[in-house]
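Just below is one structure, and these are the notes that go with it.
Here is the naming used below: chain letters follow the sequence lines, and residue numbers restart at 1 for every chain.
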2 protein chains.
Amino acid sequence: MEIEPTYRDLIKELKEKKIRLSYQRVKILDYLNQHRTHPTADEIYTGLIAEIPSLSKTTVYNSLNSLVKANLIQELTIEDNENRYDIVTETHGHFKCEECGRIYDFKVELDSFNPEELKDFQINQKGVYFKGICKKCLETNQKNLQNEE
Amino acid sequence: MEIEPTYRDLIKELKEKKIRLSYQRVKILDYLNQHRTHPTADEIYTGLIAEIPSLSKTTVYNSLNSLVKANLIQELTIEDNENRYDIVTETHGHFKCEECGRIYDFKVELDSFNPEELKDFQINQKGVYFKGICKKCLETNQKNLQNEE
DNA sequence: TTCTTTATTGTAATCATTACACTTTATTAT
DNA sequence: ATAATAAAGTGTAATGATTACAATAAAGAA
């Protein structure tokens, strides 16, 4: 349902990019809009199959690829074994916790960063990926250590 | 052969990290040292099989994982379908050309960049990945356009 | 309505990576 | 040195995300 106030904007954007606004694709966009957890294709499929029983996993993949091409969503390649998707297309950083797997967003200003080595290159996308251990996991580890004593 | 003057340093580093300096691992490190093209596991395997006929692809994967853990090499996840490896472990950016697939290095100074959102997080790795079209491909495209006229 | 294009679906294939069990090699203690 | 122990190498089989493909359905244009 409610894809927020940006709903009409989205439709307009899709039309402009000649991407058909199929039922499935709207639902996928909707899902990404409501779940800002950078879900995988499989998570999106699992999240929608109840509402769209006919949904095929292939459709999810196809749709995601189309939406990426239309620049409506962003594809994140953090781990090698799965892609994640993000409805926010502005450049921002992603931190992946190596313990719990959660992905956190953070701000990065890279628009004005154009390295000398890439002069005369056409830069289409700028990605920043940090890895480590998130605050939550660090705290949990700390507690576990205390309990062991 | 000659892994450059850093050879002894490498051995020392391996010993310190309790990583055994097996024949295969030295060869893999050697390969990465001589091929600064960010090769995949498969490319490393193909590049070494002539010299080490007994080499197993599993060994390549296992070795690479060990060397990554020991922080002797860096794992790059640019595309979702394959990992690449880099003997340079200092933080630097990688540009992947979406046309020819080549990967270019560029300098990024991120040591002092610690986003507010990640305060109290333990950051182990900082990756910067750009995508687009490299100078070479842009020039080739330009030439092709001219020939078509 | 009919034609043409684009999207959906399900199944089968692909392909990088890992699991596993076994053999070989290296290290440590005797 | 030699035996005992631990780590690494090897080959095959499994895993799992993604794509290829062919058929069907839906949407847009004429």
Can you tell me if the side-chain N/O atoms of [X] get under 4.0 Å from OP1 or OP2 in [N]?
X       : N      : result
B:Asn65 : C:dT18 : yes
A:Thr59 : C:dT9  : yes
A:Arg25 : C:dT8  : yes
A:Thr58 : C:dG10 : no
B:Gln24 : C:dT25 : no
A:Ser22 : C:dA7  : no
B:Tyr61 : C:dT17 : yes

Nearest-Å distance, [atom1] ([X]) to [atom2] ([N])?
X       : N      : atom1 : atom2 : value
A:Leu21 : C:dT5  : CG    : P     : 22 Å
A:Asn62 : D:dA22 : CG    : C1'   : 13 Å
A:Leu48 : C:dT9  : CG    : P     : 11 Å
A:Lys27 : C:dA7  : NZ    : P     : 19 Å
A:Asn83 : D:dT19 : CG    : P     : 8 Å
A:Leu67 : C:dT8  : CG    : C1'   : 14 Å
B:Glu82 : C:dC15 : CD    : P     : 12 Å
A:Glu75 : D:dA17 : CD    : P     : 15 Å

If I compare all heavy atoms of B:Gln125 with all of B:Glu75, which pair ends up nearest, and what's the gap?
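The pair with the smallest heavy-atom distance is OE1-O, 4.3 Å.
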Residue pair B:Cys137 / B:Glu99: nearest heavy atoms and the distance that separates them:
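Distance-wise, the nearest heavy atoms are SG-CB, 3.8 Å.
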Which residue, B:Arg84 or A:Lys57, contacts DNA chain C at a nucleotide closer to its 5' end, judged by nearest heavy atom?
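On the 5' side of the pair lies A:Lys57.
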Select from B:Asn81 and A:Tyr23 the residue whose nearest nucleotide in DNA chain C is closer to the 5' end of that strand.
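So the residue in question is A:Tyr23.
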When you compare the side chains of A:Asn83 and A:Thr77, does any donor N or O come within less than 3.5 Å of an acceptor on the partner?
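Indeed, the side chains of A:Asn83 and A:Thr77 share at least one donor-acceptor pair under 3.5 Å.
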Which part of the nucleic acid, if any, lies within reach of [X] when heavy atoms closer than 4.0 Å are counted: base, sugar-phosphate only, or nothing?
X       : answer
A:Ser63 : sugar-phosphate
A:Asp42 : nothing
B:Thr40 : nothing

Residue closer to the 5' end of DNA chain D, B:Asp80 versus B:Leu55 (nearest nucleotide)
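Looking at DNA chain D, the more 5' nearest nucleotide goes with B:Leu55.
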Under 6.0 Å from the ring centre and within 45 degrees of the ring axis: does the NZ or CZ of A:Lys135 meet both conditions for the six-membered ring of B:Phe121?
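Cation-pi check for A:Lys135 and B:Phe121: fails.
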Of the listed nucleotides (C:dT9, D:dT10, C:dT17), which one gets closest to any side-chain atom of A:Ser54?
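For the A:Ser54 side chain, the nearest candidate turns out to be C:dT9.
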Could you check which of C:dA7, D:dA8, D:dG11 has an atom nearest any side-chain atom of A:Arg20?
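My answer, after comparing the listed nucleotides, is C:dA7.
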Validation row: B:Val108, A:Phe113 side chains within 4.5 angstrom (heavy atoms)
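They are in contact (side-chain heavy atoms under 4.5 Å apart), so the answer is yes.
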Relative to the ring of B:His94, is the ring of B:His38 parallel (under 30°), tilted (30 to 60°) or perpendicular (over 60°)?
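Perpendicular, since the angle between the ring planes exceeds 60°.
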